[in-house]
Amino acid sequence: MATDTLKSTSSAESATGGLRRLLLDNGALSALIVLVIAMSALSGDFLTTDNLLNVGVQAAVTAILAFGVTFVIVSAGIDLSVGSVAALSATVLAWSATSHGVPVLIAVLLAVVTGIAAGLVNGFLIAYGKLPPFIATLAMLSVARGLSLVISEGSPIAFPDSVSHLGDTLGGWLPVPVLVMVVMGLLAAFVLGRTYIGRSMYAIGGNEEAARLSGLRVKKQKLAIYALSGVFAAVAGVVLAARLSSAQPQAADGYELDAIAAVVIGGASLAGGTGKASGTLIGALILAVLRNGLNLLNVSAFWQQVVIGVVIALAVLLDTLRRKAGATPVAGASQGGKRRQAATYGLAAVVTVAIVGATSFLHNGSSSTANPKVGLSLSTLNNPFFVQIRSGAQAEAEKLGLDLTVTDAQNDASQQANQLQNFTSSSLGAIIVNPVDSDAASNSVKAADKAKIPVIAVDRGVNKASVDALVASDNVAGGELAAKTIGEKLGGKGKIVILQGQAGTSAARERAQGFAQGLKAYPGIQVVAQQPADFDRTKGLDVMSNLLQAHPDVQGVIAANDEMALGAIKALGSKAGTSVSVVGFDGTPDGLNAVKDGTLYASVAQQPSQLGKIAVDNALKALEGKKVEETIKVPVKVVTKENVAGFTG
């Protein structure tokens with residue numbers, strides 16, 4: 001009897017241990033299942049065929065990038081350049097095919113060759129130059145992004161129609177990006193599991209020295225590994241640009257972090273030696289499901305970032321528990337490996353400090369000129385609106401004999417703070433700032449005020465700090481005009497969604513205020529959803545795609561800028577301009593072209609060149625000690641198909 005009891009207890013413990021090991025070994029899949037169940041329970045619009053395909057489309061680019069990063073991480077490396085390489089490859093394709101008439105097939109091959117070349121440079125620097133992977137790929141991240149900006153001159157380039165079909169669907173239901181993702185996933189699985197180079201990746205990641213002593217040509221294998229990562233990055237860039245119908249030089253910014261997160265969530269170890277394509281796909285799907293579901297639930301973008309960060313942390317914690325439980329042995333976690341990793345981070349910090357120090361030295365040591373110096377920090381030059389501000393400012397500075405320095409913050413508030421700090425330490429005569437974030441810029445502006453340097457804000461204000469003048473369109477009045485335009489178009493009745501700008505900026509806040517005030521005159525208009533899309537076309541596309549799952553009968557869209565409106569138009573497809581009216585803001589060249597085509601009903605057009613011109617005029621006045629007005633408003637105008645031909649901007 002005691003023996004039977006003992007056997008029963010042992011069996012129960014064995015079953016419990018088996019379940020625990022099963023969950024540890026398949027933690028990512030378990031998490032994905034739980035997420036799908038939770039989102040399905042919380043939103044009735046989640047578990048539909050269209051929405052699940054939508055999740056697949058949104059996961060596609062991250063997954064394709066992550067498949068390439070899997071090769072690198074399995075071999076105990078890291079690749080921070082994949083997002084920039086993706087943007088560069090797409091830019092090369094669009095630039096060669098549209099600007100230089102290169103046949104599309106050859107242009108596609110050039111894009112892939114660009115990815116391979118970037119990967120080979122990474123591999124050479126790491127294998128033969130002995131640079132840590134972190135430093136080598138960090139350098140390539142900057143080089144590739146810079147080349148993309150140089151080639152495109154900071155503006156989106158239209159994508160060839162034949163390649164744009166990669167963003168469409170097959171048979172009216174199967175998204176091509178999902179199909180490409182599956183094909184690239186199968187290719188990654190084949191490489192990892194069925195080829196010599198795949199086995200080499202695991203050997204190098206497990207113990208590079210042992211792999212070398214066993215006769216493996218480690219240096220040549222690393223070249224091939226990083227070249228493969230470059231190929232996958234190029235494909236991801238083409239797919240992303242195809243979805244947007246244009247190659248944007250700042251596309252895929254930060255996607256390398258999502259790719260690495262997908263690989264880690266999928267069960268790979270940053271120590272190397274473990275990882276598989278199926279796990280990476282699951283990791284990418286987890287990120288996509290989170291973003292999609294949280295959009296459907298109308299969760300704040302801030303909380304979305306918190307949730308995703310927690311998921312990544314839990315994934316790493318699960319990896320630690322898995323190794324402690326012996327579920328999946330991990331090679332390469334020796335003290336030597338940890339020291340090498342610490343040395344990599346230390347070297348990265350040293351290089352960063354050296355670059356900042358060198359930049360400050362160059363600013364401080366630059367020779368003075370007879371012309372007054374003015375600095376202009378723009379939030380981004382990836383948006384045609386801000387490119388036009390720069391053009392107007394440069395033209396006026398040349399006319400007035402000013403030495404104008406223009407910097408691009410790439411929508412990074414921290415980077416803009418560094419730029420403003422450099423402007424201040426360089427003792428420029430005046431500073432013009434277009435804040436990435438109105439609150440985040442306050443400390444930098446306070447430092448400039450303390451140094452007695454006049455500051456002019458353009459397009460967006462600065463919170464909690466004093467500026468000499470704000471040059472901007474009347475965003476509140478413009479928002480009211482947008483609301484009036486959509487209200488009249490819909491006859492005072494209908495359902496609409498609002499795509500908000502980047503939270504924290506005065507432009508987003510004031511335009512939203514104008515939307516709300518203007519809609520009060522149309523009680524029959526129902527705002528069914530409001531979601532931020534950060535003034536970004538890609539986010540506008542994804543957020544609108546998600547909202548359509550919950551509100552397929554929407555009849556109108558108000559977007560706080562033309563870039564988000566163009567993304568919404570892409571998501572709406574044939575509905576745009578027919579059953580759904582879209583109103584944008586800014587009057588950018590792409591937006592005005594969409595108005596001409598009829599897909600964008602109207603744009604509340606600003607005059608960005610005038611904003612730049614007036615900002616420079618007032619910077620010179622402040623620099624000379626003359627009185628300037630606190631607020632200078634530039635008029636806005638509603639541009640529709642009827643009057644777009646006569647609008648000059």
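Quick note: residue numbers are just sequence positions, from 1.
Note on residues 254-269: pairs passing salt bridge (charged side-chain N to carboxylate O under 4.0 Å, His left out), not counting sequence neighbours, are Asp258-Arg291. Pairs of residues two or more places apart, or lying in two chains, never qualify as ring pair (Phe, Tyr, Trp, His ring centres under 6.0 Å) while including a residue from residues 240-285. Within the structure, salt bridge (charged side-chain N to carboxylate O under 4.0 Å, His left out) contacts touching residues 77-99 (residues at least two apart or in different chains) do not occur. Under the ring pair (Phe, Tyr, Trp, His ring centres under 6.0 Å) criterion, the residue pairs touching residues 56-80 are Phe71-Phe232, with sequence neighbours excluded.
Contact check for Glu563 versus Thr380: no side-chain heavy atoms found under the 4.5 Å cut-off. At a threshold of 4.5 Å between non-hydrogen side-chain atoms, the residues Ser81 and Asn122 count as touching. Using a 4.5 Å cut-off on side-chain heavy atoms (C-beta onward), Leu93 and Pro160 make contact. Here the side chains of Val554 and Leu547 are not in contact, with every heavy-atom distance at 4.5 Å or above.
Under the side-chain contact (heavy atoms from CB on, under 4.5 Å) criterion, Ala66 pairs with Ala259, Ala262, Val263, Thr280, sequence neighbours left out. For Leu52, the side-chain contact (heavy atoms from CB on, under 4.5 Å) partners are Phe46, Leu47, not counting sequence neighbours. Remark: Ser152 engages no residue in a side-chain hydrogen bond (donor to acceptor under 3.5 Å, both in side chains) (not counting sequence neighbours). Here Lys539 pairs with Asp534 under the side-chain hydrogen bond (donor to acceptor under 3.5 Å, both in side chains) rule; sequence neighbours left out. Partners of Asn561 by side-chain hydrogen bond (donor to acceptor under 3.5 Å, both in side chains), not counting sequence neighbours: none found. Partners of Leu109 by side-chain contact (heavy atoms from CB on, under 4.5 Å), not counting sequence neighbours: none found. Residues meeting the side-chain hydrogen bond (donor to acceptor under 3.5 Å, both in side chains) test with Asp542, sequence neighbours left out: Arg243.
The line from CG of Leu600 to CG of Leu566 is 6.5 Å long, rounded to the nearest 0.5 Å. The CG atom of Leu378 lies 10.0 Å from the CZ atom of Phe385; values are rounded to the nearest 0.5 Å. With values rounded to the nearest 0.5 angstrom, Met544 atom CE is found 10.5 Å from Gln549 atom CD. Atom CD1 of Ile260 sits about 5.0 Å away from atom CG of Leu80, to the nearest 0.5 Å. Residue Ile151 holds its CD1 atom at 7.5 Å from OG1 of Thr114, rounded to the nearest 0.5 Å. Rounding to the nearest 0.5 Å gives a distance of 5.5 Å between CD1 of Ile157 and OG of Ser99.
One N or O on the side chain of Ser84 and one on the backbone of Leu141 form a donor-acceptor pair closer than 3.5 Å. The closest donor-acceptor contact from the side chain of Asp562 to the backbone of Thr588 lies under 3.5 Å. Proximity of a side-chain donor or acceptor of Ser89 to a complementary backbone N or O of Val85 within less than 3.5 Å is detected.
Side-chain contact annotation: Ser269 with Thr274, donor-acceptor N/O pair under 3.5 Å absent.
Between Val55 and the choices Val289, Asn546, Val36, the side chain to side chain contact (heavy atoms under 4.5 Å, CB included) rule is met once, by Val289.
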Without placing hydrogens or testing angles, list every side-chain donor-acceptor pair under 3.5 Å for residues 174-199, not counting sequence neighbours.
from: Thr195; atom 1: OG1; to: Val191; atom 2: O; distance (Å): 2.4
from: Thr195; atom 1: OG1; to: Gly198; atom 2: N; distance (Å): 3.2

